[in-house]
Asker: 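There's a structure below that I have some questions on.
As the structure lists them, so they are numbered: ligands from 1, and atoms in each ligand from 1.
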Amino acid sequence: MINSTMMNVPLVLTSVMNFAEKVYGSSEIVSVTADNPRHRYTYREAFKRVRQLGNALRTLGAELGDSIGTMAWNDYRHLELYYATAASGLVCHTVNPRLFEEQLEYIINHGEDKWLFLDLAFVGLVEKLQDKLPNVKGFVVLTDEAHMPETTLRNAQCYETLLAAESDQIEWPEFDENHPASMCYTSGTTGDPKGVVYSHRSTLLHAYASALPDTFGASVREVVMPIVPMFHVNGWGLVYVVPMTGGKLVLPGPKMGDGETICDLINTEKVTVSAAVPTVWLALINYLETTGKTIDSLQRVTVGGAACPLKIMKIMKEKYDVDVRHAWGMTETSPLGTYNTFKPGMEDLTEQEQDAIRLKQGRPIFGIDIRITDENNNELPWDGKTSGAVKVRGPWVTGSYYKNDKQAVDEKGWFETGDVACIDPEGYMLITDRTKDVIKSGGEWISSIELENLAVDHPKVAEAAVIGVPHPRWTERPLLLAILKDGESMTKQEMLQWYEGKIAKWSIPSDCEFVESLPHTATGKLSKKDLREQYKDYEWSDSEPASA
Ligand code: AMP
């Protein structure tokens with residue numbers, strides 16, 4: 001029996017920080033904040049302040065394993081909190097400020113946050129909420145003395161004043177690599193939100209895998225702008241990936257959905273790589289089209305969180321020479337699970353064949369084991385046609401939820417994602433639905449995502465949702481709800497005809513309603529649960545839908 005001779009060095013995030021400071025100390029972090037439209041400093045300066053913050057957290061009485069809440073946009077102070085909490089053995093609990101007040105109350109109490117660090121913009125909201133947060137000892141406003149507001153927050157502190165009082169020397173504690181580092185609650189479209197707790201090890205391994213060339217392709221030469229919020233699954237891990245690989249980091253603060261700021265940041269900071277949900281790219285495209293501006297430095301963007309319509313990919317490539325790469329993941333998978341780049345030879349396929357591949361969410365990244373199963377949990381083939389429930393396992397997939405007895409994994413130890421997909425023989429997964437959103441019509445499954453993608457490809461459509469509505473003969477039929485672009489009009493018939501020849505006749509929506517708005521969850525996803533409730537008694541105009 002031979003034993004390994006390798007050192008057993010724990011995989012902890014403190015090492016990312018120490019490494020980045022030594023090797024990439026002069027790389028820059030540029031941020032937009034409420035009190036400064038363009039803050040700029042180096043990794044060296046950032047990590048010096050992280051040590052001061054580590055001391056400040058001790059002064060505040062935080063102890064190993066305590067949870068520290070953050071309600072903040074993407075900027076340098078939030079980044080400092082990420083690293084100071086992790087290196088101190090505390091848990092950085094990023095709270096999504098867009099949640100309803102009851103959800104915020106639930107999450108902060110359930111997560112047992114000892115202190116809450118919040119952006120200026122959320123002071124009013126938290127003032128109203130604070131009496132319902134008995135475990136929070138006090139609140140730290142992420143600003144300087146000049147911008148510190150009059151506030152009724154109990155034990156209110158000013159972030160910059162807190163830091164200024166502390167030494168930049170610190171002895172970080174040692175702990176096991178399985179020690180918790182951060183926590184994020186799922187957006188919870190059904191039931192209470194559920195907490196996922198990431199460990200140092202899971203976060204570090206996820207960052208290694210995310211940095212690979214066929215994933216984010218991180219490098220010291222890249223200028224990376226994560227637009228995906230840092231309160232949502234660690235900003236898809238980029239806050240670790242970029243310091244690990246030394247690139248310049250650009251953080252858009254509260255301006256993430258604002259086409260003008262995003263365009264300006266790309267051009268002035270020479271951003272090469274970015275990541276965001278599809279709606280952000282739509283906002284940017286609208287801004288570019290109305291102003292005639294360009295984004296010359298930008299080379300590729302990762303899009304995920306929701307299916308990306310082909311139209312976005314096409315416009316970004318053809319007009320702005322930007323590669324849009326589809327990725328899939330979830331809060332429970334840290335988040336990266338699959339990523340879409342072409343395998344050799346795919347460049348030679350026809351445009352139509354290439355488009356079909358681009359629309360898929362991509363291949364599993366190494367470390368993520370993936371399978372699709374039928375209702376009896378039997379594994380289904382990767383034939384590109386058979387669809388089933390997506391199950392995953394791996395070192396950065398959660399096995400349970402925080403303080404929740406309900407099992408997150410099936411009897412074979414796989415995490416049930418709640419997504420439905422098919423996987424082709426090359427390993428590319430295509431998400432067709434959430435399990436709960438699947439439309440079952442006359443024994444056939446219809447993909448609501450495919451129908452939505454096609455609808456938004458119509459030049460007059462701004463946004464679309466497709467839901468299954470009870471039907472006397474077919475169990476359910478798809479109903480399309482579409483928002484038209486400003487100033488556009490069309491008939492239902494014209495809309496439904498758009499599908500003809502593009503998909504099987506029986507899967508064309510049976511009817512269509514034009515609406516002013518569609519309900520969204522706090523993470524910007526369509527809330528189909530609400531739509532199904534709203535349209536559950538929908539009267540089909542024809543008892544025998546023409547398209548069925
Ligand atoms: P969340 O935990 O809030 O990040 O939500 C995760 C869910 O978002 C997944 O289970 C999918 O249903 C959906 N999702 C994420 N990425 C994609 C994508 N690229 N295409 C379609 N759905 C996606």
Asker: Is there a side chain to side chain donor-acceptor pair (under 3.5 Å) between Asp433 and Ser448? Walk through the geometry before answering.
Answerer: CA-CA 6 Å; Asp433 260 309; Ser448 63; 2.4 Å; yes
Asker: Do Tyr339 and Thr302 have a side chain donor and acceptor closer than 3.5 Å?
Answerer: yes
Asker: Could you tell me whether ligand 1 has any atom less than 4.0 Å away from a heavy atom of Gly418?
Answerer: no
Asker: With a 4.0 Å cut-off on heavy atoms, does Thr186 reach ligand 1?
Answerer: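 Distance cut 4.0 Å: Thr186 fails for ligand 1.
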Asker: My understanding is that only residues two or more places apart in sequence, or in another chain, count here; which of them pass salt bridge (Lys or Arg N to Asp or Glu O under 4.0 Å) with Lys311?
Answerer: none
Asker: Does one side chain, of Tyr538 or Asp511, offer a donor that lies under 3.5 Å from an acceptor on the other?
Answerer: yes
Asker: Between Ala327 and ligand 1, is there a nitrogen or oxygen pair with a distance under 3.5 Å?
Answerer: yes
Asker: Side chain, backbone, both or neither: which part of Asp419 comes within less than 4.0 Å of ligand 1 when only heavy atoms are counted?
Answerer: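 Contact part for Asp419 vs ligand 1: side chain (C-beta onward).
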Asker: Against ligand 1, does Pro335 come closer than 4.0 Å with any heavy atom?
Answerer: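 The answer is no: ligand 1 sits nowhere under 4.0 Å from a heavy atom of Pro335.
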Asker: Short list, please: which atoms of ligand 1 are under 4.0 Å from a heavy atom of Ala307?
Answerer: 18 (C), 20 (N), 21 (C), 22 (N)
Asker: Quick one about Glu513 and Tyr535 (side-chain donor to acceptor, distance below 3.5 Å, no hydrogens or angles considered), yes or no?
Answerer: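 Per modelled atom types, Tyr535 and Glu513 side chains form no pair under 3.5 Å.
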Asker: So, using side chain to side chain contact (heavy atoms under 4.5 Å, CB included) as the criterion, who are the partners of Glu102 when residues are at least two apart?
Answerer: Phe100
Asker: Pick whichever of Gly305, Ala306, Pro278, Ala421 has a heavy atom sitting closest to atom 13 (C) of ligand 1.
Answerer: Gly305
Asker: For His520 and Glu463, does a side-chain donor sit closer than 3.5 Å to a side-chain acceptor?
Answerer: yes
Asker: Run through Lys412, Arg393, Lys391 and flag the one making a salt bridge (Lys or Arg N to Asp or Glu O under 4.0 Å) with Asp369.
Answerer: Arg393
Asker: Return a yes/no value for Met330: is any of its N or O atoms, backbone included, closer than 3.5 angstrom to an N or O of ligand 1?
Answerer: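 Min N/O separation from ligand 1 is not below 3.5 Å for Met330.
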Asker: Show the atoms of ligand 1 that are less than 4.0 angstrom away from any heavy atom in Thr331.
Answerer: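 Close to Thr331: 1 (P), 2 (O), 3 (O), 4 (O).
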Asker: Below 3.5 angstrom, do we get any N/O pair linking Thr417 and ligand 1?
Answerer: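 Looking only at distances, the answer is no, because the N/O contact criterion of under 3.5 Å is not met.
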Asker: Enumerate the atoms of ligand 1 whose separation from the nearest heavy atom of His232 is less than 4.0 angstrom.
Answerer: 1 (P), 3 (O), 4 (O)
